[in-house]
Chemist: 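Quick one: structure below, then a few questions.
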2 protein chains.
Amino acid sequence: MAKVDTSLIAHLPLFAGVKPEDLDEILREARSARYPKNTAIFEQGADAQSFFLLLHGHVRAAKTTPTGEQIVVRYVAPGETFGLAMAIGAAQYPATAMAVDDSVALIWPTSAWPRLIERFPALAANTMQTVGKRLQESHTRILEMSTQQVEQRVAHALLRLASQSGKKRDHGIEIDFPISRQDIAQMTGTTLHTVSRILSGWESQGLVESGRQRIILRDPHKIVVLAERNPDSGAA
Amino acid sequence: MAKVDTSLIAHLPLFAGVKPEDLDEILREARSARYPKNTAIFEQGADAQSFFLLLHGHVRAAKTTPTGEQIVVRYVAPGETFGLAMAIGAAQYPATAMAVDDSVALIWPTSAWPRLIERFPALAANTMQTVGKRLQESHTRILEMSTQQVEQRVAHALLRLASQSGKKRDHGIEIDFPISRQDIAQMTGTTLHTVSRILSGWESQGLVESGRQRIILRDPHKIVVLAERNPDSGAA
DNA sequence: CAGGCAGTTTGCGATAGCGCAAAACGGGCC
DNA sequence: GGCCCGTTTTGCGCTATCGCAAACTGCCTG
């Protein structure tokens, strides 16, 4: 059994509606594993043998085209599940998962899923909610890519990262894991060059402070304004 | 009870694993309704009071930005469910559904869902698969929007429409419901002008034949080639 | 049968963002 | 402490695509 204090994870969305005393039984089926920074957890196209609950660290889920281009599907924060391929009826993982920081996850074998949801229907319901939320986020992302220009999309992406994985600093919010310009480009459908130019511009206006794989939002409010500004209602 | 022959819908994905004799009980909770062409079935933001199974016709699900721009989330074909907001834990519909052709749908009240899935767990499992598939499709769409240029995206969109709702014609495949250039633009993240130019070009090459809200793929194979061609490996 | 209208086509700039290339930078490793 | 490599910055031309405007067309309506 995984050596994890049940009290620390009982409140997670995945376990909503599960009796605390049942949690043990669920965790008994899991093991935990450590993934050092920059190691792959699973590869796109590989058989989905496990599903995961991230305990510590951060995981990047990315999808690759036949020609090698990548997009970042999402960043997984602690407390979130990932690798749910089997729950949605996929035999293979549709994306690659990589630890972007030293990470720890609970791992259940795919084969345990049918038994678990039969015994604890709340798990199925919670997972449905999670998948549904991700679907809506995807649609929002498509909407943004269709209607906004790059600067706005980058602003939205940073704000989301900040609210999901932001760490309060003296002045502003720092994104709590290493993230490159390239990564942000792959989240917003642009190129690292364009992201670099945008961040440079923001930096000179004091909106952000950034460096090697590191971004601090110095003035989140102004970034919100940027994110929402209608392109042609720009400053005089 | 809805006057629908159970034998006609028993094979639908939604009912996979449901005993034919149970189908009656499920249908007893539903009513059916007719939606004339161009009528709204529900509006984005409205309380999700029902969920739907399309029997005949075609339905367009679209999302609108605060500034009024729209994207087409998907076209619903007969046999597919839509308006599943409640299944994924959303109290309001995240998009607007409109009949693009005279349509008929089965309608269940949202309130029936918990009882139905308790009594027929296969419904929940099937819906999970459906939602999961849509999530993957969304990710594919994001990938395309990020990595392909407009012409390729339009090619992919038409091929998908053709395989989902294509009707065989003497020469080629006709998309079986009225769809405008604007609609295609909203599916691919471009403008109706650009779509019009692209289709004009294809028409002069004999790849498609099209008119007012009507598109026939005359040479699907060549369109597949266009869809997959790497932009810089273009013809000499 | 004549309008009228929604949908479509097309021309013509304007430009946001790309792509290439090269230089600067910063950190970690030996 | 110095070197090496991955990341970032920036210049510069290029072009795919947009945006506006105007003309056109086929349908449906009265």
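Values in this document were obtained by computation on a predicted structure and should not be read as measured data. Chain naming here is simple, since letters A, B, ... match the order of the sequence lines and numbering starts at 1 in each.
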Chemist: Donor-acceptor pair, Q164(A) side chain versus L161(A) backbone, under 3.5 Å?
Modeler: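 Pair absent, no side-chain N/O of Q164(A) close to backbone of L161(A).
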Chemist: For R60(A), give me all partners under side-chain hydrogen bond (donor to acceptor under 3.5 Å, both in side chains), at least two apart in sequence or on another chain.
Modeler: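 If we apply the side-chain hydrogen bond (donor to acceptor under 3.5 Å, both in side chains) test to R60(A), skipping adjacent residues, the hits are Q70(A), D183(A), Q186(A).
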Chemist: Would you give a per-nucleotide map of nucleotides 9-21 of chain D, 5' to 3', where B means the base has a protein non-hydrogen atom under 4.0 Å away, S means only the sugar-phosphate does, and - means neither?
Modeler: BBBB---SSSBBB
Chemist: Can you check whether M145(A) reaches R153(A) side chain to side chain, under 4.5 Å on heavy atoms?
Modeler: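 Yes, at least one pair of side-chain atoms sits under 4.5 Å.
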Chemist: Which heavy atom in S50(B) sits nearest to a heavy atom in T110(B), and how many Å separate them?
Modeler: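 In this case the closest contact between S50(B) and T110(B) is N-OG1, 3.2 Å.
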Chemist: Any sub-3.5 Å donor-acceptor pair from T147(B)'s side-chain atoms to L143(B)'s backbone N or O?
Modeler: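 Yes: the side chain of T147(B) pairs with the backbone of L143(B).
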Chemist: In this structure, how many angstroms lie between the P atom of dT8(C) and the CZ atom of R214(B), rounded?
Modeler: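 Computing the R214(B):CZ to dT8(C):P distance gives 11 Å.
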Chemist: Which distance, rounded to the nearest 0.5 Å, do you find between the CE of M187(A) and the CD1 of I71(A)?
Modeler: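 Answer for the CE-CD1 pair, M187(A) versus I71(A), is 10.0 Å.
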Chemist: Check for me whether the distance between the ring centres of F42(A) and F52(A) falls short of 6.0 Å.
Modeler: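 Yes, ring centres under 6.0 Å apart.
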Chemist: Any donor and acceptor pair, going by atom type alone, linking the side chain of T194(A) with main-chain N or O of T190(A) inside 3.5 Å?
Modeler: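 No, because the side chain of T194(A) does not come within donor-acceptor range (under 3.5 Å) of the backbone of T190(A).
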Chemist: To the nearest Å, give me how far apart NZ (K37(A)) and P (dG6(D)) are.
Modeler: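 Taking NZ of K37(A) and P of dG6(D), I get 14 Å after rounding.
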Chemist: Let me know the distance between CZ of R229(A) and P of dA16(C), rounded to the nearest Å.
Modeler: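 For the pair R229(A) CZ and dA16(C) P, the rounded distance is 12 Å.
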Chemist: Once you round it to whole Å, what is the distance between P of dT8(D) and CD of E209(A)?
Modeler: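 After rounding, the gap between these two atoms is 15 Å.
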Chemist: Rounded to the nearest angstrom, tell me the gap between atom CD1 in I198(B) and atom C1' in dT10(C).
Modeler: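 In whole Å, dT10(C) C1' lies 14 Å from I198(B) CD1.
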Chemist: Please encode protein proximity along nucleotides 24-30 of chain D as a string of B, S and -, counting only heavy-atom distances under 4.0 Å.
Modeler: --BS---
